[in-house]
Amino acid sequence: MTGSATLSGMTVGQEPKTPTHWGRAILGVLLGFLLIGCFIAAYTGIDLDFGGRPGAESEYDSIDSLTDCQILQGRFDMYSGLQSSALRRHDTDAAEINLSYMAAVDERMQELGC
């Protein structure tokens with residue numbers, strides 16, 4: 001037998017090419033595209049915040065229209081109670097929404113000097 005014997009197209013002593021070489025190449029290409037996309041988004045001003053504020057925008061509009069500090073305090077207390085109730089029920093979505101409303105009320109109260 002000479003040194004040119006083959007087994008499934010491989011020369012004896014040759015390392016088999018594993019699929020990990022292709023996997024690494026594909027991963028590198030995907031990572032490159034991801035980085036390019038991030039740079040484009042950063043330099044063109046594309047907003048990557050897909051969520052916005054949780055809850056109803058009309059609720060935020062209602063909060064922003066209030067000017068009475070006592071009513072705002074009542075709203076804050078109401079959202080606080082709803083948030084606590086949501087946490088007891090393990091409803092994290094409702095808790096997050098009510099916490100965001102509380103922050104909006106607090107911000108509005110600070111704007112008005114309450």
Side-chain angles (χ1 to χ4, degrees):
M1 183 187 257
T2 62
S4 62
T6 62
L7 176 65
S8 301
M10 289 187 344
T11 306
V12 175
Q14 179 183 4
E15 292 276 331
K17 292 189 178 178
T18 61
T20 58
H21 294 302
W22 285 105
R24 289 180 186 159
I26 291 171
L27 183 61
V29 169
L30 291 175
L31 183 59
F33 281 127
L34 179 65
L35 288 173
I36 289 169
C38 288
F39 283 121
I40 290 172
Y43 289 109
T44 60
I46 296 173
D47 184 13
L48 296 178
D49 182 14
F50 299 111
R53 296 191 291 188
E57 196 59 39
S58 61
E59 194 68 23
Y60 293 102
D61 293 340
S62 173
I63 292 167
D64 289 338
S65 71
L66 294 173
T67 57
D68 186 316
C69 292
Q70 288 182 331
I71 294 174
L72 283 163
Q73 184 62 52
R75 283 276 188 101
F76 185 89
D77 294 341
M78 178 187 71
Y79 294 132
S80 178
L82 291 170
Q83 196 249 2
S84 296
S85 176
L87 287 174
R88 283 192 300 274
R89 293 187 322 269
H90 304 287
D91 186 351
T92 55
D93 291 336
E96 180 184 355
I97 290 168
N98 285 295
L99 187 61
S100 184
Y101 290 157
M102 289 167 62
V105 170
D106 185 55
E107 183 179 315
R108 181 65 177 151
M109 290 175 74
Q110 288 180 17
E111 288 173 1
L112 296 173
C114 296

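Bear in mind the structure is a predicted one, so any value in this text is a computation, not a measurement. Each residue takes its place number in the sequence, starting with 1. Side chains are part of it too, since the values below use all heavy atoms of this structure and drop only hydrogens, waters and symmetry mates.
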(request) Evaluate the side-chain proximity of Thr67 to Arg108: yes if any heavy-atom separation is below 4.5 Å, no if none is. (result)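 Side chain of Arg108 against side chain of Thr67, heavy atoms only: contact under 4.5 Å found.
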(message) Quick one, Gln73 and Gln70 - any side-chain contact, counting heavy atoms below 4.5 Å?
(response)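 The answer is no, as the side chains (C-beta and beyond) never meet within the 4.5 Å cut-off.
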(message) For Arg53, is there an ion pair with Glu59 - N to carboxylate O distance below 4.0 angstrom?
(response)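 Judged by the 4.0 Å cut-off on N to carboxylate O distance, Glu59 and Arg53 do not form a salt bridge.
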(request) Say whether Ser84 and Arg88, considering side chains only, have a donor N or O and an acceptor N or O under 3.5 Å apart. (result)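 Result is no, nothing qualifies.
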Could you give the distance from [atom1] ([X]) to [atom2] ([Y]), rounded to the nearest 0.5 Å?
{"X": "Asp64", "Y": "Glu111", "atom1": "CG", "atom2": "CD", "answer": "7.0 Å"}
{"X": "Asp77", "Y": "Leu72", "atom1": "CG", "atom2": "CG", "answer": "11.0 Å"}
{"X": "Ile97", "Y": "Met102", "atom1": "CD1", "atom2": "CE", "answer": "14.0 Å"}
{"X": "Asp68", "Y": "Arg75", "atom1": "CG", "atom2": "CZ", "answer": "11.5 Å"}
{"X": "Asn98", "Y": "Leu82", "atom1": "CG", "atom2": "CG", "answer": "5.0 Å"}
{"X": "Asp106", "Y": "Ser80", "atom1": "CG", "atom2": "OG", "answer": "11.5 Å"}

(message) For Tyr101 and Tyr60, I'd like to know if the aromatic rings sit close, meaning centre-to-centre distance below 6.0 Å.
(response)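 Yes, ring centres under 6.0 Å apart.
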(message) Using every non-hydrogen atom in the two residues, find where Ala86 and Ala95 come nearest and quote the distance to one decimal.
(response)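 Closest pair (atom of Ala86, atom of Ala95, distance): CB-N, 3.5 Å.
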(request) Give the minimum heavy-atom separation between Met109 and Cys69, together with the two atoms involved. (result)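 Distance-wise, the nearest heavy atoms are CE-O, 4.4 Å.
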(request) Group every Ile, Leu, Val, Met, Phe, Trp and Tyr by side-chain heavy-atom contacts under 4.5 Å, then state whether Leu87 and Leu99 land in the same group. (result)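 Unlinked, Leu87 and Leu99 end up in two clusters.
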